[in-house]
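Note that the structure is a prediction, hence the values are computed from the model and not measured. Each chain gets a letter, A, B and so on, in the order the sequences are listed, and its residues count up from 1.
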Number of protein chains: 2
Amino acid sequence: MTGPTVTEEVKLGPMADSLGFLLRLSQLESFRDFYTGMEDLGMRPGEFSVLMLIGENPGIRQGVLARKLMIKRAHMTKMVQAMEADGLVTRTVPPEDKRSIELRLSEQGAARLAHMRGPFEEHESRNLSRLSDAELDTLKRLLKTYLDVRE
Amino acid sequence: MTGPTVTEEVKLGPMADSLGFLLRLSQLESFRDFYTGMEDLGMRPGEFSVLMLIGENPGIRQGVLARKLMIKRAHMTKMVQAMEADGLVTRTVPPEDKRSIELRLSEQGAARLAHMRGPFEEHESRNLSRLSDAELDTLKRLLKTYLDVRE
DNA sequence: TATTGTTATACTCTATAACTATA
DNA sequence: TATAGTTATAGAGTATAACAATA
């Protein structure tokens, strides 16, 4: 009975220095953390971020949200329609530009989000990584610079 | 003619400090860079990394590769079968463990990879970001620590 | 003419489970 | 019993293009 091979050494070669490669694996790892910490919330990271951003930006238009989250407009339509069907968000056409749609949290959506906020903050502050808290701060700062996100 | 709204300010709120959120957006951004720099290679980041790792680890087993790249085994089967059909990789069953499959680059696969290596290195060294080269190095180092990847 | 959101289509990827053959 | 890979299925996400309403 030898169990699974212990030496699962995989040489990464040039990939070990590829930013995209490292970001991809890190993102998958962090999403795994997300599910571990917030498993019973019944919401995936993408949906959660959409709901959070609507909460932070009442009246935000669909297209703006889609661009910010790098989600295709067509896909955003489906997501948001599903959220409306679930009673989490409202969609209103503003008179200034009847092509667009403004998004807001419904009372129910706000309540749902409030309920998730605690576990989320906990999840975020629980540093399960091999990084020190200082390193984690540096990492976030560098990512924000990379993304041109200002505080 | 007012063009698109200039003030597309979106408040990120707590999401701006979420590692997972920052990693997700950064990863999407970096993949966009990948496509910009290597558009005519006819290969996506995931496929490219699979081919690279097979090149770096001749005889690597499918499952090991799948675990390392955090790709589901079922999906890896399809990817690798497609690559075999394209004549890029060979799949052989080793006598020591007839359940497993060893992956190697075919001559054609090696040639294809050699052909992509130049553009890839160029793409990687071309720093289009707002990060200095030193910051980029730090970012990669921190991501490697996060992933427990050693040089 | 250009933009916003919508619909439709095709494809990729994920998640899961059942299956086979081997160990 | 457990593991490696396969197959099948359902659902999520992506990419693209065409469309209506509006600007």
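Residues from residues 87-99 of chain B with heavy atoms under 4.0 angstrom of DNA chain C, sorted by number: B:E96, B:D97, B:K98, B:R99. DNA chain D is contacted by no residue of residues 42-56 of chain B, taking any non-hydrogen atom closer than 4.0 Å.
Looking at A:F34 and B:S18, their side chains never come closer than 4.5 Å, going by heavy atoms from C-beta outward. Looking at A:V50 and A:M83, their side chains come closer than 4.5 Å, going by heavy atoms from C-beta outward. In this structure the side chain of A:L51 reaches within 4.5 angstrom of the side chain of A:M43, judged on heavy atoms.
The side chain of A:Q81 places an N or O atom within less than 4.0 Å of a non-bridging phosphate oxygen (OP1 or OP2) of C:dT7. Taking only side-chain nitrogens and oxygens, A:Q62 comes nearer than 4.0 Å to OP1 or OP2 of C:dT6.
A:E56 pairs with exactly one of A:K68, A:R117, A:R104 by the salt bridge (charged side-chain N to carboxylate O under 4.0 Å, His left out) rule, that one being A:R117.
Within the 4.0 angstrom heavy-atom criterion, base atoms lie near A:T77.
A salt bridge links A:K144 with B:D17: at least one charged nitrogen is closer than 4.0 Å to a carboxylate oxygen.
Proximity of a side-chain donor or acceptor of B:S100 to a complementary backbone N or O of B:R61 within less than 3.5 Å is not detected.
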Contact string for nucleotides 14-20 of chain D, one letter per nucleotide 5' to 3', B = base within protein heavy-atom range under 4.0 Å, S = sugar-phosphate only, - = neither, reads BSB----

